[in-house]
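Heads up, the thing below is written out as structure tokens.
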Amino acid sequence: MRRFALQVFCVAISLFMAAPIYLITLAAFSSRESLNEFPLPLVPTDPSTETLSGFLSSTGVIAGGVNSLMVGLNTVVLALLIGLPAGYAVARYAFRGRQPYQLFLLLTRALPIVVLSVPLARIFLTTGLYDTTYAVTLLHTALALPTTVLITAAVFVAVSPEQEEAAQIFGASPVQAFVRIVMPQALPGIAAAAVFTFVMSWNEVLGAAILTLNQRTLPAQVLSTLSFSPLAYRFAGGFALVVPALLFIAIMRKYLLNMWGTTLK
Amino acid sequence: MTQRVNRRTLLGAGLTVLAAPALAACSGVSTSGTGGEGSVDFLSTQFLPVEERQRFEKILADHVKAAKVGFNPVDASVFATTVQSQVDANQVKISLLGGLHGDLAPHKDRLIDLDDLAKGLTDRQFPADLLELGKFGGSTQKYIPWMQATYVLAINKAALQWLPSGADPQNLTYEQLLAWAKAGRTGNGGKPIFGFPAGPKGLYHRFFQGFLLPSFTGGQITTFRSPEATTAWQYMKDLWAQTAPASTNYDFMQEPLERGEVMIGFDHVARLVNAPKPKPDDWLMVPAPKGPKGLGYMIVIGGLAIPKGAPEPDKAKEVIKSLTQANVQVEVLRANAFFPVAKADLPGDLSKPIALEAAAVKAQQGAQGTIVSLPPVGLGAKDGEVAQIFKNCFKEICLDGKPVQQVLDAQAVKLNAILDEVKVSCWKPDPLSTPCRVL
């Protein structure tokens, strides 16, 4: 009986999550005219790829997607390269000012980008990085680092130091011990941090819009546009923005499940 | 088993790390179609919607031969930040700016003088007051007029059956509009037929600023809490009672009008143009109603400017020359429903919706006793705050049902606080006194 209730609960949650995505997909593949019908049918009656292909062929959407993908993946790599050692240090070593440091980390998220926009743009203009994906990558890395550090720190704490020490006793160097003993166990947390980072970068509009001109990321290119566009395009754009993020999460999913699998048992 | 999965994932992670430099080797892919040496980067607050952008890019490609133009439409806040940071850092990447008067006004000191260009464009025959606006009250030309627009009423002919006797749709008064909305609602089985764009992105504050209040009070700011303003808002309260309540979700009136949710709608011409598209013969476009002081209407003016330190100022000037040619101006009207500022004969083969609007705009300009108003001039970043004051009045008076005078007095204090900070002179239709304040 409890099992049944659990199943029902799971189905309900999934429906809750899937319904908007289904509706967006449905609307994205409907013709413009059929969107004016009332009430809107819940099954495809007049499938059409007209608005979606119109959206995808508009200037800069494909290029913006490529830029977004580059920025997203580079941000993940950069944030992990910097964030993993930091997270490890926060988890393993008691150093003076550890608590303030952890709090300080969150400060980058405390200031809204709107306040920083003009100085930020100026710095990137003078360094010559303005209007490149590097600029956006650096900004997104800075924004993602707090979550990366804090998530990975929480995971590293869960890996027992004894195992690491044991590995070193059996002849592993500290780096080997980290790569072969700690990393595999921390993988779910790292994956979670990667998902957060990627999705954050994929969704970030304002910073990307301020730091680029001709080489925008997809959200900077279309998000502000979409709110002023006809309904049909909003659905098409929404669909095009949701799918890649969903795909990335689907790929990372198995590592996440791994984490929940070990903690829920 | 676990070991194998881990090794594979580690391998994957390694590959990702290796792939990163390959991805990072490229600094980005152009999203504006240009970005190379010698191209003119055009930053604009206009033509953001996907289709408008595509149509304008086509006009640029077809008619602008002097340079390759990279068209970058952005919203007003990104526009402001970009112009400010680039000019102040002396690292300007943009050569051409296009925006409404209110978008360009805060940057007047960051724009180069265009007097030589304006002199060379006398054959465009811009109206003198539009050119004057482009000087921002100074002595030199800061922007060249680009295009203009206004707001009108769109009417589905099905609503004409409830038109009060003696009323002429082309020559409505506010009282008649109210009576019409009331009769229509009764005749339509209690379903309101009038709607206006009070949604989050709707331009309904312009209805108060440029239409309702000037028509009732003759002013916009100075008369903000005058007895006439109280009458105007009392009228608005009565009109709201007969308006589709879903109006608070409408951003672009063309959508509810096309769907048939409402039959009479007030909005910006560019936000009405799609309503008559499927069945143009079912629609009327008419001037805004008249009030006790006259027919108040607001004009929207777009201008083209060049920032100081622009990489390609000469090419940008050529682009401005092309965009102000009569035939290009007509193309913009055809494509995106913005009206010419240069003297241009409107061709007879305009599409039906555009022709409807063109007639309404002409009738509105030529009507007796017009009171022209401008969107707030020189408020810069405070423009949104002033707009919010009018939105607050609407919310408190019409939605929350608070007493009119009390709301106006309270909002007048806030409005004066903003105005005291910016210290600008009043703009039309208020007398040009400095500083502008609510009396």
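Order of the sequence lines sets the chain letters (A, B, ...), proteins ahead of strands, with each chain counted from 1.
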To the nearest 0.5 Å, what is the distance between CG on A:L213 and CD1 on B:I94? 5.5 Å
Do other residues, nucleotides or ligands put more than 12 heavy atoms under 6.0 Å from the CZ atom of A:F29? yes
Heavy-atom pair count under 4.5 Å with chain B, highest-scoring of A:S57, A:A63, A:G54, A:P119: A:A63
Is there a side-chain contact between B:K93 and A:D131, using heavy atoms and a 4.5 Å cut-off? no
Gap between atom CG of B:N90 and atom OG1 of A:T126 - 0.5 Å precision: 11.0 Å
Pick one of side chain, backbone, both or neither for B:E51, based on which atoms fall under 4.5 Å of a heavy atom in chain A. side chain
Once rounded to the nearest 0.5 Å, what's the spacing between atom CG of B:D41 and atom CG of A:N214? 4.0 Å
As an exercise, state the distance from OH of A:Y130 to OG of B:S85, rounded to the nearest 0.5 Å. 6.0 Å
Applying a strict 4.5 Å limit to non-hydrogen atoms, the region of A:L206 in contact with chain B is side chain
Find the distance between CD (B:Q86) and CZ (A:R122) and round it off to the nearest 0.5 Å. 11.5 Å
Show the nearest heavy-atom pair for residues B:V78 and A:A209, with the distance to one decimal. CG1-O, 3.8 Å
Given B:V74 and A:R216, is the side chain to side chain contact (heavy atoms under 4.5 Å, CB included) satisfied, shown in steps? CA-CA 11 Å; B:V74 292; A:R216 316 214 120 172; 3.2 Å; yes
A:I210 side chain near B:T82 side chain, heavy-atom distance below 4.5 Å: no
Check: A:R234 and B:V50 side chains under 4.5 Å, non-hydrogen atoms: no
Between CD of B:Q54 and CZ of A:F55, what distance do you get to the nearest 0.5 Å? 10.0 Å
Please indicate whether B:K391 has more than 12 foreign heavy atoms, meaning atoms of other residues, nucleotides or ligands, lying under 6.0 Å from its NZ. yes
Shorter than 4.5 Å, heavy atoms on both sides: which option in B:D251, B:N274, B:N72 has the most such pairs with chain A? B:N72
Contact leader toward chain B among A:V118, A:V136, A:T132, where contacts are heavy-atom pairs under 4.5 Å: A:V118
